[in-house]
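Before any comments, here is the structure.
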Amino acid sequence: MNAAKRVLSPSKVENLPAQGKRYKKQIDLDTQTPPQPQEQENYDFLLDDDEDFDVSALDAAVSANPRLELSGWQRCVVRHVERLPKTHDLLLELSGEEEEAGKAVCHLQAPWNQTPIQTGDLLSLQAHWQPTLAAYAINKEHGYCVIHPDLLISSTSVTGSLFCRRKAVLQDRFRGVDSANAVMIIGTLVHELLQTVLAQRLRRKPQIEDALQGMLHSAQLAQQLYAAQLSRAEIELQLHKFVEPIVAFIAQYLEGESPAVQLPETFAGRIEQIQDIEENLWVPQMGLKGKVDVSVRVRNKKHPIPLELKTGRASFSMEHKGQLLLYQLMHSALGQETRSGLLLYLREGIMREVREGRNEQRDLILLRNELAHYLTRDAQLPATGQESVSLSLPEQPGKLLQPFELPEPISHHSACGNCAYATLCCSFASTDPQLELSESHPLRRLMPQVLSHLGQPDNEYVLHWCGLLALEEQQARQSHQLRSLWTETPARRQQQGRAIHQLELPTGHKARFQDGRFEHKLVLSAQADKDFNLNLSGFELGEYVTVSCTSRLAIAAGYITRLETRSLCVQLERDLGQRYTDESFIVDKHESQSFASFNYTNLALLLEASEKSAELRSIVVARTPPKQHKVVPRIIGSKGGPMLRPLNKVQQLAALRALTTSTHLLIKGLPGTGKTQTLVAIVRLLHLMERSVLITAQTHSAVDNLLLRLLPHNLPMLRLGNSARIHPQLLAISEAELTSNCETVDQLTQVLHKPSIVGVTCLGAGHALFQQRHFDYCIVDEATQVLQPTVLRALSHCTRFILVGDPEQLPPLVRSREARQRGADETLFQRLDCEEATAVLTLQYRMNRSITRLANELTYGQALQCASKQVENARLQLELISNSNSAWVQRALQTHLEQAVLLLDTSDCSQRCLDYAAASKQLGQTGDSIEQHYGEDRIVPTTARSRRPPKYTNYCEAAIVMHLLHQLLAAGYDARRIGVIAPYRAQVELLRQLGKDLNGVEFNTVDQYQGRDKNLIIYSCTKTGSSTDSAERSREAEILEDQRRLTVAITRAKHKLILLGDVSCLQRYTPFQRLFKHIPDRCRLHLADGRMGFSWQTLLDELNHAKRGD
DNA sequence: GCTCTGCTAAGAGGA
Ligand SMILES: Nc1ncnc2c1ncn2[C@@H]1O[C@H](COP(=O)(O)OP(=O)(O)O)[C@@H](O)[C@H]1O
């Protein structure tokens, strides 16, 4: 009863179910409070009534018709929208995110009534009760309505859009098209200097000069200068000019000395305390984020106020003031009511107070909504279904269907002419059927200039990919990774493996400052679950995370540098000790949006007027095939022998073509044909020719795989990228290691520019090094797993490129089903594949002749050939102890070459799996929890689920696998030569748990096995039974319908491949059906009770024993 | 939504 009473105590009123999901903090508004809803009074009555009330009656009362409270920030869902005829107000009927949380009606009056809102939209509102309407209202004077509140837009994007909305929208997507100039770098450094001075409480000029010197000679600055291609000398003088103004600022505002002249309008108060520096704000109430330069306490203000530093001309423009107004709103929404801010123009030594202003703040939020609208619009795509999907519009020649709507361009001759986004802006403008520019619009003059080098196919290629990327972005937004930070409790996030909560700083903790970052140790608190182990929390070393405390989201971000059972270390960009010593912290995984913008930016790169971009367009867009020089460089003839010798004829030919191609070469490496071997030779030969080589791939492991094979050859190599992701044996050539002693730009340049062979992931090719270094060759390994836009960056830094891969194996990961269906998984390899461009490696060193034959029949025609008799005839080396095994096991593990492929048919075992799960409680639970974790039905209650057959696990197959494995190991077969694969993660986890004592056997998904092999492979196909619902079947089928996955699965085994599954079920999937046609009866074994000593009961009993054994 | 890789950020200033 006590508990119930506490929940209802007035101070915890937000815990009332009637309030719905509210923001944690509320602000006190001067606005008139609405009358308490009727039900609320009932509670009071109940409360007064005392200890003995009935909680369920209370719940019933609440769900009757509670009113949703909108006078504080409230998330709500639009249930109905209507435009009122006379007033043109938008009338919204709202409910909480869960409908039972309550309802409310709100009028959006001018200027909010133009907001694009639809039924079903999620809004974040703060409204004003209007008795005359008997409803809430948001109007000119009161309230805010925020659309798409889970999209946090940065304050500078909002203020930036004051000048040109179109640019702001482009900038948000194509981040990084405009590179920072010297003035901006100086600006950044002056910020750092002032922040250092304030953090360290430096007061006197000599101290400040020392701080500047320290900064100028830091390794961190060298990195920044290297990236900006500036020398220390170039910036030193500029920075010095700011020392005097900083001294004056400190004297007046921190020391309280009167200035020589006090200009009118300047801030006359005093800063009493520096509260925070670079405070990070994420405010989902307003859909905004931002970083406050400095938060300061001043006299007569209850809460700290933001201070914004500018190093340019003192314009007092709305762009600058707007930043402060937004920070004020954000602080207020977080419960620190803030009505003022300080705008400091350091160069001119002027600081003014910027006070709150309803009109400006309202308009900024309206502007923010406008940006949110453009950034979340569903991509517009051509109808699919016809032969060729084209963006061209028959009625409007020259125009193309635009994937996303953009704001209209401003009309400003000089600004448009100098805008970094001009090409992009014009490319969209020139093809946009909706856009009508006036005769005198500056873009009309600009367009022919900035677009003269582009043809319509170029525009079309870029727009096509923009559309596909937009679909991926949409998908990412919907998967609500980010929003869970404010919509789910920390405990729930921890459960899902996304977060670790109940962390604290150890007493007396001091952050260690290193390389411009603060290393913190966080320890699980005494309240945390005693059995919780951080090593099993789903977090990894090197992972990028945010740190929140219970009252504030994302106060810092950084990398995990250490993980122990009960503690972890994170390198953050700020020191938590300053302000948050006694807080309880939550660490969350952070998936940034940077992939999307990396890809968009690469498309923009393709449109540039540079020679390199023209070359890329001619290859990538126009698909111009390469020319082959006939003459091999002399040095290869004289010294290339040792490098070519380890290659077979086909590999040698590919290598020589790589050296002599005019622009590019594709190497199609069928399974086991020695791709890496060939690449090693190519890199060594190129090195012999004194050519520089950039080695790249989508994944770290693929990059490292090649570098590791090159390591013994003592070539000059550098590996760029996050050290935590790099193979330990390559750390010696990692960027971090090689540059660890560099303190100057020259030293950095020395180290980074010397090695002629550089390895980096495709996304890592955004590294600053590539602004300065161009490479002769780019080698893209596993090129059939990289999205087209992703690979462009690396290619743009090299003269020639070689793509290596196998389009018959698994494609790149595309999350959006629609993007996939529209061809987002078509890689550059496929696009450029043609006879002139492609060398095929056909001699394989992996599979014996039976397995090779099957692979040819399913996928490779007759292309795949065994490289030698030895490969062709390699058999499983196994001697079973004959009498201790039943006949079916003997048969299944036959070593005869003609039995190298075996299909074990379980028939429909769905009911058996179900019965087994029900009977064996313990195992049933294991499977249940695995299905729950990896399967799709995350929200189905356990009781309902266990009555249905599991979809992604199969006990019967697991039992057979375990039995076979035990027999193999008992016969002395080397566990490390055995691989067990399955299409689903859930089945893999089940197998792993059951086989955890079988050391050495590798269990993994087919996807993860790409590129690997084993002597013996068992493929547990998992799917069984007959699914009646055809719609469901087609939706689920994608994994099994993909022939590329099946191709990978059957080409992993060297000596023996055991396919295990329900043949009649699998036959419904086209690739399996085709495969089975080529498996003769003598290679099939039907498993049924009593046949060849087979017994389900025995096998399933064994599972129980195995389980009990631990 | 089964398979599941990548990576710092918001703001540096100026029409
Ligand atoms: N030319 C060759 N001669 C002999 N063996 C080879 C040759 N090329 C490749 N192999 C064998 O094939 C195996 C796989 O080669 P690798 O280059 O790692 O293949 P991939 O990169 O295609 O997976 C190697 O272990 C090697 O023994």
Side-chain angles (χ1 to χ4, degrees), chain A residues 152-157 159-160 163-164 167 175 178 180-192 228 278 280-281 289-293 308-313 315 317 319-320 323 410 412-419 475 478-479 517 542-546 554 556-559 571-573 590-599 697-702 721-722 725 761-764 766 782 785-787 790 810-817 934-938 951-952 982-988 1005-1008 1010 1022-1023 1035-1040 1042 1044-1045 1048:
Chain A
L152 304 186
I153 299 184
S154 81
S155 310
T156 45
S157 294
T159 54
F163 183 69
C164 177
K167 181 180 172 186
R175 203 172 306 238
D178 50 353
N181 55 40
V183 181
M184 281 153 84
I185 299 293
I186 306 268
T188 310
L189 295 174
V190 172
H191 273 76
E192 280 173 32
E278 290 274 286
N280 192 52
L281 298 174
K289 60 184 169 187
K291 275 205 163 81
V292 182
D293 282 345
E308 180 60 31
L309 165 64
K310 297 288 166 197
T311 49
R313 196 171 56 80
S315 61
S317 62
E319 275 96 324
H320 293 168
Q323 246 174 291
I410 55 163
H412 195 302
H413 280 274
S414 62
C416 289
N418 293 323
C419 181
Q475 185 67 41
Q478 278 160 18
S479 71
R517 289 174 165 276
E543 187 152 335
Y544 197 70
V545 294
T546 59
Y559 294 100
Q571 253 182 15
L572 304 175
E573 81 287 0
H590 180 50
E591 197 180 343
S592 84
Q593 288 281 314
S594 64
F595 314 121
S597 56
F598 180 83
N599 285 324
Q698 170 77 6
T699 63
H700 290 284
S701 63
N722 181 347
R725 297 275 177 259
T761 57
C762 287
L763 280 110
E782 297 190 354
Q785 301 214 284
V786 196
L787 287 183
T790 306
L810 285 164
L813 195 84
V814 177
R815 277 181 179 154
S816 146
R817 176 195 304 274
Y934 293 97
E936 65 174 334
D937 305 321
R938 295 190 181 198
K951 280 182 186 163
Y952 308 114
Y984 306 115
R985 172 83 16 218
Q987 177 73 354
V988 170
T1005 55
V1006 177
D1007 297 59
Q1008 295 287 312
Q1010 177 145 318
T1022 313
K1023 195 91 193 158
R1035 195 160 41 77
E1036 272 176 26
E1038 234 184 310
I1039 293 266
L1040 297 174
D1042 196 331
R1044 297 169 293 195
R1045 183 167 287 103
V1048 171

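We name chains A, B, ... by the order of the sequence lines, and we start the count at 1 in each one. All heavy atoms count here, side chains included; hydrogens, waters and symmetry mates do not.
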Take the protein atom [atom1] of [X] and the nucleotide atom [atom2] of [N], then report the distance between them rounded to whole Å.
X	N	atom1	atom2	answer
A:Lys310	B:dA10	NZ	C1'	11 Å
A:Arg725	B:dT5	CZ	P	10 Å
A:Gln478	B:dG1	CD	C1'	11 Å
A:Asn599	B:dC7	CG	P	12 Å
A:Phe598	B:dT5	CZ	P	18 Å
A:His590	B:dG6	NE2	P	17 Å
A:Asp1007	B:dG1	CG	C1'	14 Å
A:Asp1042	B:dC4	CG	C1'	14 Å

**Criterion side-chain contact (heavy atoms from CB on, under 4.5 Å) on A:Asn280 and A:Lys291, from CA distance to verdict** = CA-CA 5 Å; A:Asn280 192 52; A:Lys291 275 205 163 81; 3.6 Å; yes

**Message:** Side chains of A:Glu278 and A:Asp293, heavy atoms from C-beta outward: is any pair under 4.5 Å?
**Reply:**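 Counting from C-beta outward, A:Glu278 and A:Asp293 do come under 4.5 Å.
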
**Item:** A:Gln1010 side chain near A:Glu782 side chain, heavy-atom distance below 4.5 Å
**Value:**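 A:Gln1010 does not reach A:Glu782 side chain to side chain.
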
Proximity to the side chain of [X] - top-ranked nucleotide from [options]:
X	options	value
A:Lys167	B:dG1, B:dG14, B:dT5	B:dG14
A:Lys291	B:dG11, B:dG6, B:dA12	B:dG11
A:Asp293	B:dC7, B:dC4, B:dA12	B:dA12
A:Thr699	B:dT5, B:dA12, B:dC7	B:dT5
A:Tyr952	B:dG6, B:dC2, B:dA10	B:dC2
A:Gln698	B:dT3, B:dG6, B:dT5	B:dT5
A:Ile1039	B:dT3, B:dA10, B:dT5	B:dT3
A:His700	B:dC2, B:dG11, B:dC7	B:dC7
A:Arg517	B:dT8, B:dC2, B:dC7	B:dT8
A:Thr761	B:dC7, B:dT8, B:dA10	B:dC7

Closest contact, heavy atoms only, [X] versus [Y]:
X	Y	value
A:Ile410	A:Cys416	O-SG, 3.9 Å
A:Cys762	A:Gln698	SG-N, 3.9 Å
A:Tyr984	A:Lys951	CE1-O, 4.3 Å
A:Gln785	A:Pro811	NE2-O, 3.7 Å

**Message:** Rounding to an integer number of angstrom, what distance separates B:dT8 and B:dC4 when you compare their C1' atoms?
**Reply:**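 Rounded to whole Å, the distance is 22 Å.
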
**Asked** For atom P, what is the distance between B:dG11 and B:dC7, given to the nearest Å?
**Response**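 Per the computed distance, 24 Å lies between those P atoms.
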
For [N], does either OP1 or OP2 sit under 4.0 Å from a side-chain N or O belonging to [X]?
X	N	result
A:His191	B:dA12	yes
A:Ser154	B:dG11	yes
A:Tyr984	B:dT3	no
A:Gln1008	B:dC4	yes

May I ask you to say what [X] touches in the nucleic acid, namely base, sugar-phosphate or nothing, with a heavy-atom cut-off under 4.0 Å?
X	answer
A:Ser594	base
A:Ser315	nothing
A:Ser157	nothing
A:Glu573	nothing
A:Gln571	nothing
A:Pro812	nothing
A:Gln785	nothing
A:Leu813	base

**Nearest-nucleotide 5' precedence on DNA chain B, A:Ser414 against A:Leu309** =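 Closest to the 5' end, via its nearest nucleotide, is A:Leu309.
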
**base_contact_polar (B:dG1 base, A:Glu1038 side chain, donor-acceptor, <3.5 Å)** =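 Counting by modelled atom types and ignoring angles, no donor-acceptor contact under 3.5 Å is found here.
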
**Request:** Start with the C-alpha distance between A:Thr790 and A:Phe598, add both sets of side-chain angles, then the distance that settles side-chain contact (heavy atoms from CB on, under 4.5 Å), and finish with yes or no.
**Result:** CA-CA 7 Å; A:Thr790 306; A:Phe598 180 83; 4.2 Å; yes

**Request:** Might you work through the side-chain contact (heavy atoms from CB on, under 4.5 Å) test for A:Ile186 and A:Thr311, ending with a clear yes or no?
**Result:** CA-CA 8 Å; A:Ile186 306 268; A:Thr311 49; 6.0 Å; no

**Item:** Parallel, tilted or perpendicular: rings of A:Tyr559 and A:Tyr544 (30°, 60°)
**Value:**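 Rings of A:Tyr544 and A:Tyr559: perpendicular, over 60°.
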
**Fill in**
Intra- and inter-strand pairing of DNA chain B, written as dot-bracket with Watson-Crick and G-U pairs under 3.5 Å and | for the latter, reads ...............

